[in-house]
Amino acid sequence: MKKTGIVKSAVLCAALACAMTAGAETLRFAAESSYAPFIFVDSKSGNHAGFEVDLMKLIGKKLGAKIEIINMGFDAVIPSLVTGTVDIGGSAITITEERAKRVNFTTPYYDSGLSILINKSDENSIKGIEDLAGKDVCVQIGTSGAERAGKIKDVKLHQFNAVNEAYLELQNMGCRAVITDRPVTAYFLMQRKGSAKRFVHLPKTLDAEQFGFAVTKKKPRLVARLNKVLADLHQSGEFKALFEKWFGVQ
């Protein structure tokens, strides 16, 4: 082939690649980006990282779609889905009947439960949720942890936009406990040296729950597509490998 032919072919291939990229579906993924290990901003790279981020990248690859992460407060995720501003919602959303009235959910991708984190100084006086009656409790607004904490008798609820703010308030003795998802607290403690001397993660798991991706009801076919990819990832072993990367064990 002549050189001019090679150049023309290269130009044609580049044009086709651009056309394919331009025509690729974009799925807007809404999440609150401080919910490690599910989704957070890596301090070194400044990029989003976490189990959900890697999982959504895999899903996007399988669907031939671009995943656009849109950071927002957790309490804004479902309203944004309802209005159609975004397509998929994450940040470890617990599947509940009430939420399912407003959005659709994929098949669950994680079995979890709530847990209680307290200061080491309270380990002899706070053994379980019943010991939090009348006390100050920190939670992230709009979460299942906030809902459960709100049922404690005479509780004084401190609600924050990000779970890290709740942990900080606990550390500063502004509340007596933080109630949130167990894997989130476990990861928080794992990332901080000396945390065992400062905090106690109570062993009992409260309210078993499952996480799923929330999907706008305006795109019913999207749920079926996501479920098919999740099933394929389980079948291929890719889901297992990703799970063990972030949580250690299946």
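Everything numeric here is computed off the predicted structure, so don't read it as measured data. For the numbers below, each heavy atom of this structure counts, side chains included, while hydrogens, waters and symmetry mates do not.
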> Is K62 salt-bridged to E238, cutoff N-O under 4.0 Å?
Replying inline: yes
> According to the disulfide bond (SG atoms under 2.5 Å apart) rule, which pairs have a member within residues 59-133, sequence neighbours left out?
Replying inline: none
> Quick one: do R176 and D136 make a salt bridge, cutoff under 4.0 Å?
Replying inline: no
>> Does this structure show an ion pair linking K240 with E244, if we count only N-O contacts that are shorter than 4.0 Å?
In response: yes
> Looking at F211 versus F105, is the centre-to-centre ring distance below 6.0 Å?
Replying inline: no
> In terms of heavy-atom contacts, does CZ of R198 have more than 12 from other residues, nucleotides or ligands at under 6.0 Å?
Replying inline: no
>> Can you confirm if the aromatic rings of Y187 and F247 lie within a centre distance of less than 6.0 Å?
In response: no
>> Checking one residue: F160. Which other hydrophobic residues are in its cluster under the side-chain 4.5 Å linking rule?
In response: none
> Do E25 and R225 meet the salt-bridge criterion of a basic N to acidic O distance under 4.0 Å?
Replying inline: yes
> Restricting to pairs with a member in residues 26-72, which pass disulfide bond (SG atoms under 2.5 Å apart), not counting sequence neighbours?
Replying inline: none
> So, Q140 and E32: side-chain donor and acceptor under 3.5 Å apart, yes or no?
Replying inline: yes
> Shortest non-hydrogen contact from G128 to L202?
Replying inline: N-CD1, 4.0 Å
> Quick one: side-chain contact (heavy atoms from CB on, under 4.5 Å) partners of S144, sequence neighbours excluded?
Replying inline: T94, L114, D181, E209
>> Under a 3.5 Å distance rule, please check whether T216 uses its side chain to pair with a backbone N or O of L81 as donor and acceptor.
In response: yes
>> I want to know whether F199 and Y167 have ring centres closer than 6.0 Å.
In response: no
>> Give me each pair satisfying disulfide bond (SG atoms under 2.5 Å apart) with a member in residues 37-140, each pair once, sequence neighbours excluded.
In response: C138-C175
> Do the two ring centres, one from Y109 and one from F213, sit under 6.0 Å apart?
Replying inline: yes
> So if you build clusters from Ile, Leu, Val, Met, Phe, Trp, Tyr with side-chain heavy-atom gaps below 4.5 Å, do V163 and V77 land together?
Replying inline: no
> Which hydrophobic side chains are connected to M173, either touching it within the sub-4.5 Å cutoff or through other members that do?
Replying inline: none
